[in-house]
Amino acid sequence: MRKPLVAALSALALAGIGAAPAVAAEPTASGVGKSVDTDTPVSVVHDVVTSAGAALSQVTSPSPRLKAVTLAGTVSLSNCSGSVIRFPNSADTDPALVLSNGHCLTTGFPEPGEVLTNQASSRTFGLLNSSGTRVATLRASKLAYGTMTDTDVSIYQLTSTYASIKSSYGISALTVQDTHPTAGTAITVASGYWKRLYSCNIDGFAYRLKEGDWTWKDSVRYTSACQTIGGTSGSPVIDQATGKVVAVNNTGNEDGERCTENNPCEVDANGNVTVREGINYAQEIYNIPACFTTGNQLNLNASTCTLPKP
């Protein structure tokens, strides 16, 4: 599991790279998977150099497939990435929501089996425009939902409505797809923390993805082109054809270890374990809209809601 950033700017200076990351404004608890890494000075340098170098490559040789996907609507957290989202039935007058990972909570990792709902929060998020410029600071009124059981997700309710964000900053929320994603889909992982886009395809799905004490169901596996790093946790995974969010980025196997922190393994229905070093993953979110009702209010008792309950 990755830990918060403390020396990225120093690492960039040592590496001679001028691109600076969106640095955390406050210290936070340790992160999981693709939250920010400070395990060692070497790991910091590796992650920052990889990110900055790849970002420079994208600037000089942009992929045509990325033209329709930008950073508009993404947000930077103190330790992770996220996005302003809406559901197919959300109204413009509803309080806006921010999607990230459960392991990105400032209170630390939820324990296996732990589900947090409707907890007061004043957490802030840096709202980005299409070019990755921070145009506003949004504030939460509560953590509507957070867990690392079966999935790895956090959803904050904001003090702003979709209409007020659109009116003030010209930025629309990203819509969550409410159907299961499809293998082969061209996707973009949009990191508000690093202000960077990663392009690849959905390679397939892991029946179970196990990392340390946590197990996630039906996880999205990327093709190898999406080499996400620390700080990309919570990034929206966007379908390049529709612009909808189909998953939330959360982890990857870094060292080829088996089912350990930072090294998730796949477990099939028969209990067979597969380790894919260097491959990264996301968690599905198509089942989340069914758990929110009028006014973007959480309702875990809805008949079609399958999210874990407290």
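Treat the numbers as computed from the prediction; the structure is a model and nothing was measured.
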query = Do I288 and V176 pass the side-chain contact (heavy atoms from CB on, under 4.5 Å) test, and can you show the C-alpha distance, the side-chain angles, and the key distance before you say yes or no?
reply = CA-CA 9 Å; I288 293 178; V176 171; 5.6 Å; no
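- Placement of V275 and W214 in two distinct hydrophobic clusters is found when ILVMFWY residues are connected by side-chain heavy-atom separations under 4.5 Å, directly or transitively.
- Closest approach of A302 to A290, counting heavy atoms only: CB-O, 3.5 Å.
- Applying the salt bridge (charged side-chain N to carboxylate O under 4.0 Å, His left out) test to residues at least two apart or on different chains, the pairs with a partner in residues 77-104 are R86-D92.
- One distance of note links OH of Y281 with CG of L209; it measures 5.5 Å at 0.5 Å rounding.
- In summary, the side chains of T161 and S164 do present a donor paired with an acceptor at a separation below 3.5 Å, with no hydrogens or angles considered.
- For residues 271-282, the set of pairs meeting the salt bridge (charged side-chain N to carboxylate O under 4.0 Å, His left out) definition, not counting sequence neighbours, comprises E266-R276.
- Taking OG1 of T232 as the start and CD of Q227 as the end, the distance is 10.5 Å to the nearest 0.5 Å.
- Residue pairs that meet the ring pair (Phe, Tyr, Trp, His ring centres under 6.0 Å) test with at least one member in residues 117-168, sequence neighbours left out, are F125-Y156.
- When every heavy atom of G252 is checked against every heavy atom of N280, the shortest pair comes out as CA-OD1, 3.1 Å.
- Rounding to the nearest 0.5 Å places CG of L300 at 6.0 Å from SG of C291.
- Between L127 and V84, some side-chain heavy-atom pair lies under the 4.5 Å cut-off.
- Using a 4.5 Å cut-off on side-chain heavy atoms (C-beta onward), N89 and F292 make no contact.
- T151 places no side-chain N or O within 3.5 Å of a backbone atom of V153 that could act as its donor or acceptor partner.
- For the side chain to side chain contact (heavy atoms under 4.5 Å, CB included) test, residues two or more places apart in sequence or in another chain that qualify with K166 are S172.
- Going from atom OG1 of T124 over to atom CG of L158 covers 10.5 Å, rounded to the nearest 0.5 Å.
- With values rounded to the nearest 0.5 angstrom, L97 atom CG is found 11.0 Å from S154 atom OG.
- With no hydrogens or angles considered, no side-chain donor-acceptor pair links D203 and T223 at under 3.5 Å.
- Distance CG/D150 to CG/D218: 11.0 Å, rounded to 0.5 Å.
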Side-chain donor-acceptor contacts of residues 137-144 below 3.5 Å, not counting sequence neighbours, with atom names and distances?
{"unit_1": "T137", "atom_1": "OG1", "unit_2": "R134", "atom_2": "NH2", "d": "3.0"}
{"unit_1": "R139", "atom_1": "NH1", "unit_2": "S122", "atom_2": "O", "d": "2.9"}
{"unit_1": "S141", "atom_1": "OG", "unit_2": "Q157", "atom_2": "O", "d": "3.3"}
{"unit_1": "K142", "atom_1": "NZ", "unit_2": "N118", "atom_2": "OD1", "d": "3.1"}
{"unit_1": "K142", "atom_1": "NZ", "unit_2": "Q297", "atom_2": "OE1", "d": "3.3"}

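- Counting only residues at least two apart or on different chains, no ring pair (Phe, Tyr, Trp, His ring centres under 6.0 Å) pair has a member in residues 258-279.
- Using modelled atom types, one finds no donor on one side chain facing an acceptor on the other under 3.5 Å when comparing E111 with T149.
- Between M148 and W216 there is a side-chain heavy-atom pair separated by less than 4.5 Å.
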